[in-house]
Amino acid sequence: MDLLTIGQIINTTLVFATALIFASLGGIFSEKSGVTNLGLEGFMVFGAFAAGIGAHYAQEAGMGGTTSAWMGVLLAIVLGVLVSLIHAVASITFKADQIISGIVINFLAAGSTLYLVKLLFEGSGDSPLVQGFSKFNVPFLENIPLLGEAFFKNVYPTTYLAILFVFLTYYIMFKTPFGLRLRSVGEHPSAADTVGVKVRRYRYVAVMISGALAAIGGAAITLTTTGTFSHNTVSGQGYIAIAAMIFGKWNPIGAFGAAVFFGFSQAIRNYVQLFEWSQSIPQEIIFMLPYLLTIIVLVAAVGRSSAPSALGEPYDPGKR
Amino acid sequence: MGAATPVVELKQITKRFPGIVANDAISLQLQKGEIHALLGENGAGKSTLMNIVFGLYQPDEGSIEVNGKPVIIDSPNRAIDLGIGMVHQHFKLVQPFTVTENIILGSEPTKGLNINYKKAAAEVQRLSEQYGLKVNPHAKIHDISVGMQQRVEIVKTLYRGADILIFDEPTAVLTPQEIKELMVIMKKLVAEGKSIILITHKLKEIMEISDTVTIIRRGKVIDSVKTSETNPNELAEKMVGRNVTFKVDKKPATPGANVLEVSKLMAKNKEGIAVLNDLNLNVRAGEIVGIAGVDGNGQSELIEALTGLRKVDSGSIRLEGKELSNHSPRHISEAGIAHIPEDRHKHGLVLDFSVSENIVLESYYKEPYTRKGFLNFDAIKKQAKRLVEAFDVRTPSIETKARSLSGGNQQKAIIAREVDKNPELLIAAQPTRGLDVGAIEFVQKQLIAQRDQGKAVLLISFELDEIMNVSDRIAVIYEGQIVGEVLPEETNDRELGLMMAGSTQKRGTVHE
Amino acid sequence: GCGSKPKEETNAGGDNGGTSTEAKSDVQIGMVTDVGGVNDKSFNQSAWEALQATETETGAKVKYLQSKSDEEYIPNLNEFVKGGYDLTWGIGFQLADAIKTVAEQNPDSKLAIIDSVVDAANVKSVTFAEEEGSYLVGVVAGLSTKTNKVGFVGGMDSPLIKKFEVGFREGVKAVNPKAEFISNYTGAFDKPDLGKAAAATLYNKGVDIIFHASGATGNGVFNEAIARKKQGQDVWVIGVDKDQSLEFGDEVTLTSMIKKVDEAVKRVNKEVVDGTFAGGSENLTLKENGVGIADTSSKNVSPEVLAKVDEYKEKIISGEIKVPTE
Amino acid sequence: MNKVLKWFTRDSFILPVVAILMGLILGGIVMLIGGYNPFEAYGALFKKVFGDMYNFGEAVREMTPLIMTGLAFAFAARAGLFNIGGEGQFLVGMTAATFVGVKFTGLPIYIHAPLALIAGAVFGGLWAAIAGYLKAARGVNEVISSIMLNWIGLYLANLIVRQFLLLQGENRSVDISESASISLTWLSELMGNSRVHMGTLIALVMAVLFYIYMWKTKQGYEIRAVGYNPNAAEYAGMHVNRNIVKAMFISGMLAGLGGAFQVLGVFQYQTVMSGSPGTGFDGIAVALIGLNHPFGVLLGALLFGTLTYGSAGMSFAADVPPEIIRIVIGSIIFFIAAQGIVRWVLKPFYSKRKKEKVL
Ligand SMILES: Nc1ncnc2c1ncn2[C@@H]1O[C@H](COP(=O)(O)OP(=O)(O)OP(=O)(O)O)[C@@H](O)[C@H]1O
Ligand SMILES: Nc1ncnc2c1ncn2[C@@H]1O[C@H](COP(=O)(O)OP(=O)(O)OP(=O)(O)O)[C@@H](O)[C@H]1O
Ligand SMILES: [Mg+2]
Ligand SMILES: [Mg+2]
């Protein structure tokens with residue numbers, strides 16, 4: 001394989017990974033605070049939906065392609081935060097089972113976004129095509145061999161944003177008082193409580209950030225890949241994001257690595273088909289590849305994963 | 001008296017939980033610079049009361065005054081503002097965090113947006129020096145000893161400027177040395193003008209360190225007395241409402257043949273460090289062997305190896321001559337070893353199972369509890385009823401979830417189950433931890449009864465008193481090795497303490 | 001997919017009932033979509049548009065039911081059949097077995113199906129010679145490629161999609177034997193992200209024209225092309241089933257391979273309204289104008305190329321060229 | 001009599017019922033907002049399901065696999081495992097049943113059909129056991145591994161159908177032999193040709209067996225102990241890892257059997273699928289509605305099946321978009337999970353009841 005192809009594979013990998021990165025970072029915020037988030041898929045769906053209609057109406061209002069795409073992202077954030085409150089209220093205030101509450105989000109997302117699309121666009125099953133983000137080249141850097149092809153040519157702003165968020169998340173989690181408190185709430189809520197950290201408040205904020213980030217992930221899909229929102233825009237990536245988060249041991253850098261790995265194994269599935277020998281293998285085997293690879297890596301590399309201790313437990317100050 | 005305003009005054013505090021009045025019009029005064037002990041049986045309502053003072057619970061009735069001013073303590077934050085700090089019975093420490101992170105949590109010094117760890121660590125260092133609380137600011141909690149964890153808890157309260165400190169059973173988890181150190185620390189704290197409320201079941205400690213004792217029974221204050229004007233017997237009687245004998249009374253042992261023989265036992269932990277290092281031990285029929293040692297010297301690993309929960313690398317474990325090392329827990333259990341585990345919530349009980357289901361946790365698969373693969377509920381219930389009665393497990397019914405039993409009753413249920421197996425060897429790990437004197441008496445009597453029936457008993461405890469009073473022979477464990485054996489009547493705290501600290505002056509084997 | 005279902009969930013809200021003002025006919029026509037749903041920008045949509053057209057033209061009442069999963073085909077068909085509808089359409093080869101079952105159980109009812117042949121007296125089967133239409137767009141691609149590499153992106157590997165691929169490949173080879181042909185299957189009709197990656201892979205390999213037969217997965221193909229076009233790359237997509245330049249713009253849509261599902265459906269509807277409906281099957285080829293290339297092709301395709309297309313079209317119609325299907 | 005009354009006024013009965021009502025009301029409100037008439041819509045929905053024998057039979061057909069995947073999720077949940085892989089197990093079970101149904105010929109019906117069912121169950125079980133084994137032996141989180149196995153299962157199913165069972169020129173397998181079919185032809189004819197099959201009966205039996213196994217047998221006791229507290233279970237001499245694998249196997253068997261029903265009872269063949277059917281995921285919802293209890297699962301499947309099957313009637317007769325049903329189901333699960341909200345809504349009634357008691 002030549003350098004050019006390798007660079008291109010990396011490039012495709014990153015496009016696939018972008019949404020996963022956002023969503024798995026979202027998962028990390030929520031779960032580090034002790035709230036299981038099986039609703040990532042739903043948040044992504046809401047985000048993809050909001051991006052689709054947000055960008056559409058912004059375009060209708062005469063905004064340019066990129067500006068309208070950012071409006072879509074903005075709307076995705078707003079909606080992501082709003083619906084994350086459902087998860088928060090149920091699982092934090094009313095102490096519902098967090099797994100169930102996350103699954104509820106997925107149900108509501110599947111139902112309500114399509115319902116709304118139909119109401120807004122006269123019965124249509126998907127939102128109108130929007131321009132979304134454009135690919136761009138970074139001057140000069142694009143000419144570096146391999147790296148240029150991989151990271152600076154034909155890139156989307158969302159990819160850079162995702163990588164920025166990885167470091168931002170890392171910084172917030174491990175360098176700031178907010179991060180320390182957030183993690184303490186997920187590890188030992190009553191310890192946090194007894195030193196005056198408002199457990200529920202931190203969990204609310206964490207879940208809201210989670211909703212926002214996952215929604216940006218969904219928005220990235222609409223605005224870079226599909227151009228419209230329909231029932232299959234997200235199609236299971238939220239679950240892959242959960243896998244990436246667990247795989248990455250709830251660490252932003254780890255989750256980033258896992259998301260890139262998943263992106264890579266998706267990208268490779270197309271490249272493999274370019275080889276003559278691949279014609280003799282049934283396609284299904286090639287399609288299985290990413291998932292098989294994941295299991296193999298899990299078995300080989302990762303031992304027991306280190307979830308936050310209080311993950312999934314509603315905080316009840318009366319209980320010891 | 002009367003002249004000085006108490007730093008904390010509780011007036012007629014009542015707190016109800018579903019079905020129980022945990023605190024019934026409790027009044028209490030804490031004077032400045034005093035150590036005020038709170039004494040009461042398991043479930044008497046001590047922790048509840050302190051949780052109210054610390055703002056974790058709200059009282060249903062009554063009021064609180066701090067330094068003469070009425071206050072409403074609606075959150076730990078408020079308590080901290082009022083200068084109240086609490087060291088909880090179960091430590092409130094975030095395991096994967098460092099000592100410093102735990103201490104500063106909630107009031108972190110910052111530089112820009114970042115936490116200023118440097119400043120924080122320096123502050124921790126300063127406090128630890130000022131009060132003689134040795135802590136390592138950079139260690140992770142899961143790497144440090146229980147004693148240090150407790151010192152971290154104390155520093156935590158001091159860091160927040162607490163003047164009023166509440167200690168909920170602080171010594172239950174400490175080794176004798178650590179307890180001594182804690183006493184010194186507490187004295188130092190009151191000398192610096194702090195006031196302390198101390199909850200403990202250990203009358204010796206109360207007599208040694210407190211100024212005042214308040215006794216609570218079933219949520220009510222029975223009495224409040226000056227420590228100097230009372231004695232342990234009086235306290236115990238007030239607390240339990242009957243006479244308690246402290247001296248474990250037992251006949252001299254008549255040991256028979258070796259039941260357990262452990263020789264040259266070696267085991268490594270995940271990091272490859274030897275946790276059991278050429279360990280030799282034997283227990284004979286009709287005797288209680290106590291293992292004395294500082295926490296972390298291989299006690300837990302020894303028990304795990306004996307019960308099949310841990311693989312050993314070499315050496316042998318023989319029960320009545322049969323080799324048992326590296327056998328499955330079930331095999332070992334059937335061979336005749338019973339085990340009262342150290343952590344009753346983690347290992348001893350399935351908290352979401354009913355009492356009766358827990359009673360058959362190790363025998364469920366046998367006749368008559370299982371017939372042809374089906375559970376025989378009549379037999380299970382019968383057995384549960386019998387044991388609940390015989391061992392006085394106080395539970396509303398045998399169908400009650402184990403979770404809702406008090407710690408003492410949970411322990412009784414476990415002991416009932418283990419003793420009823422009629423084992424050749426009974427291993428009891430920390431069997432009285434956190435229990436009140438009444439319950440302790442009961443548990444210790446059970447161990448001795450086993451011995452008197454000619455069984456072998458291995459007792460692991462951090463309570464030197466317990467080791468001294470109950471054992472017939474004491475083996476001292478240090479760094480995964482039995483470094484010496486003594487007879488209780490021939491030794492004393494000091495000598496044992498030295499051996500536990502690794503002083504190598506081995507005395508000759510006592511028997512033979 | 002994992003978590004989300006391929007259950008496309010679309011259904012015209014309140015406006016799919018027929019409340020025609022000038023009702024001339026009391027005929028009722030129903031249609032059952034496959035899981036693609038009525039807004040699939042493909043045959044379901046074409047068929048539904050045809051039904052609506054029939055409604056306006058003849059006053060017949062039309063209605064559709066959308067299937068959320070394979071199990072629903074039969075109950076959905078039965079809803080119409082048992083409801084006394086005069087004709088019930090099943091759209092897509094996936095409904096073939098369901099149509100057969102229902103037709104046998106209800107010999108007095110009339111049914112029709114697109115894209116598959118069901119052998120029953122009361123069923124009209126309409127199929128299309130996709131390979132012939134694909135051959136023509138292959139001719140366009142073979143003559144228009146500048147890199148001498150053309151690509152094909154398929155959904156699932158199935159006999160139907162193979163017809164597209166093979167026809168296209170043969171068309172390319174016929175006019176440009178030296179052109180390299182690369183195909184890439186995504187394994188799904190509803191995964192734009194996979195379509196996008198497939199397109200990126202092919203374009204990266206130097207392909208400049210991609211023909212897709214992959215349903216909504218093709219959205220990703222178009223999106224990748226649009227993104228590259230904006231970057232100044234000279235890449236094209238050939239649309240499928242309908243004139244996709246109408247949706248994705250003619251900056252990237254070179255041409256489209258058209259299946260005239262709507263006309264066929266309209267025609268059969270008319271037969272029912274007129275009372276001339278008869279079972280049997282018809283395969284609509286270039287000759288019957290059942291397949292073809294989009295009228296808007298002249299925008300991006302040079303007249304010379306279009307002339308060549310016409311040439312080959314004649315050859316196929318005359319039988320001089322027989323386009324293989326696999 | 002009094003006992004019956006008591007049962008109906010129990011929290012565990014009232015709360016879910018009120019949660020369901022609240023979900024339906026919320027859905028109604030959403031319909032109103034969209035400009036639809038909720039009464040008409042729900043009327044059409046229930047009329048579709050219970051209006052005639054044909055549709056009722058079809059609705060039962062819809063519920064049957066949901067019972068199985070619901071039971072599968074609930075079973076694993078009792079062992080403390082989150083089996084999100086019902087989807088893959090369902091598909092693998094389906095494929096195994098198809099394989100046996102197609103390839104084994106010349107067997108009498110009383111051997112062939114059971115054999116195909118058993119194959120579906122066993123292979124579904126083995127598929128799940130992979131996740132169980134990876135957890136037990138390697139500590140791999142069962143959530144990730146089963147998500148991956150769902151995808152692999154989908155492609156494996158397609159692979160097998162296309163390589164070994166394909167009907168020439170079509171995108172599906174050849175039909176299974178008649179001797180493998182579990183269709184109830186006589187009943188089907190009675191019910192207007194609706195595709196009722198024996199699987200429904202088996203599903204009900206499975207729910208009962210689930211109950212007996214879990215709460216009445218030694219093995220069930222072990223599984224529950226492991227689910228609640230693996231440490232204590234290990235201490236008590238149970239094989240925690242073995243129980244994890246076993247629980248996953250049984251869970252997968254239930255899901256795989258559900259897949260087998262679809263082929264042997266409903267379709268008689270298997271198509272090449274572009275995406276998995278979603279029955280496994282819906283099973284999670286069914287189990288949650290049923291509070292992970294086998295009999296609850298039956299009720300959950302009844303509710304879920306009624307709503308989804310009826311939604312076609314709702315969109316047909318009242319033109320209401322069927323996705324509204326997902327909102328209704330979502331809200332029902334939400335209210336069941338967040339009982340606090342239901343209690344809060346019921347507060348006025350509760351306090352009244354208490355006062356009456358005092359008097
Ligand atoms: N959150 C709660 N909900 C219900 N009952 C409770 C709760 N906390 C404590 N109780 C009950 O209140 C009573 C007093 O409990 P408390 O913890 O105060 O006892 P304690 O004196 O600290 O006992 P111990 O010596 O075992 O620590 C007990 O009967 C206990 O079961
Ligand atoms: N939410 C609750 N509901 C009912 N009882 C409770 C609750 N929380 C705690 N308790 C009871 O309160 C009592 C005191 O709790 P605590 O945690 O102090 O246990 P304990 O008896 O002191 O045992 P140990 O010291 O060994 O942990 C126990 O009886 C416990 O069962
Ligand atoms: Mg207490
Ligand atoms: Mg206690």
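Side chains are part of it too, since the values below use all heavy atoms of this structure and drop only hydrogens, waters and symmetry mates. Below, chains carry the letters A, B, ... as their sequence lines are ordered, and counting in each starts from 1. All values derive from a computational prediction rather than experimental measurement.
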With side chain to side chain donor-acceptor pair (under 3.5 Å) as the criterion, how do D:T308 and C:K68 come out once you've worked through the C-alpha distance, each side chain's angles and the decisive distance to 0.1 Å?
CA-CA 9 Å; D:T308 36; C:K68 294 193 291 289; over 6 Å; no
I'd like to know if the side chain of D:R162 reaches the main chain of C:D157, judged simply by a donor and an acceptor atom lying under 3.5 Å from each other, with no hydrogens or angles considered.
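Yes: the side chain of D:R162 pairs with the backbone of C:D157.
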Among the listed options D:M273, D:R61, D:E58, the residue most often paired with chain C at heavy-atom distances under 4.5 Å
D:R61
Chain C interface, residue from D:R195, D:K48, D:Q168 that has the most non-hydrogen pairs under 4.5 Å:
D:R195
Using side-chain heavy atoms (C-beta onward) and a distance below 4.5 Å, is C:M156 in contact with D:V272?
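In short, these two side chains touch, coming nearer than 4.5 Å.
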Could you report the tightest heavy-atom contact between [X] and [Y], atom names first, then the distance?
{"X": "C:L65", "Y": "D:S315", "result": "CD2-OG, 4.0 Å"}
{"X": "C:K82", "Y": "D:G192", "result": "NZ-O, 3.0 Å"}
{"X": "C:E71", "Y": "D:Q262", "result": "OE2-NE2, 3.2 Å"}
{"X": "D:F316", "Y": "C:K63", "result": "O-NZ, 3.0 Å"}

Euclidean distance, [Y] [atom2] relative to [X] [atom1], rounded to 0.5 Å:
{"X": "C:D97", "Y": "D:E170", "atom1": "CG", "atom2": "CD", "value": "7.0 Å"}
{"X": "C:S158", "Y": "D:R172", "atom1": "OG", "atom2": "CZ", "value": "14.0 Å"}
{"X": "D:N193", "Y": "C:I74", "atom1": "CG", "atom2": "CD1", "value": "9.5 Å"}

Check the surroundings of atom [atom1] in [X]: do more than 12 heavy atoms from other residues, nucleotides or ligands lie under 6.0 Å from it?
{"X": "C:D119", "atom1": "CG", "value": "no"}
{"X": "D:F39", "atom1": "CZ", "value": "no"}
{"X": "D:F56", "atom1": "CZ", "value": "no"}

Just give me the residue among C:G187, C:A96, C:G30, C:P75 that pairs up with chain D most often, heavy atom to heavy atom, under 4.5 Å.
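Top option by heavy-atom pairs under 4.5 Å: C:P75.
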Which atoms of [X] come close to chain D, meaning under 4.5 Å heavy atom to heavy atom: side chain ones, backbone ones, both, or neither?
{"X": "C:Y73", "answer": "neither"}
{"X": "C:N76", "answer": "side chain"}
{"X": "C:L160", "answer": "neither"}
{"X": "C:K162", "answer": "neither"}

By a 4.5 Å heavy-atom criterion (distance strictly below it), what part of D:N158 contacts chain C: side chain, backbone, both, or neither?
side chain
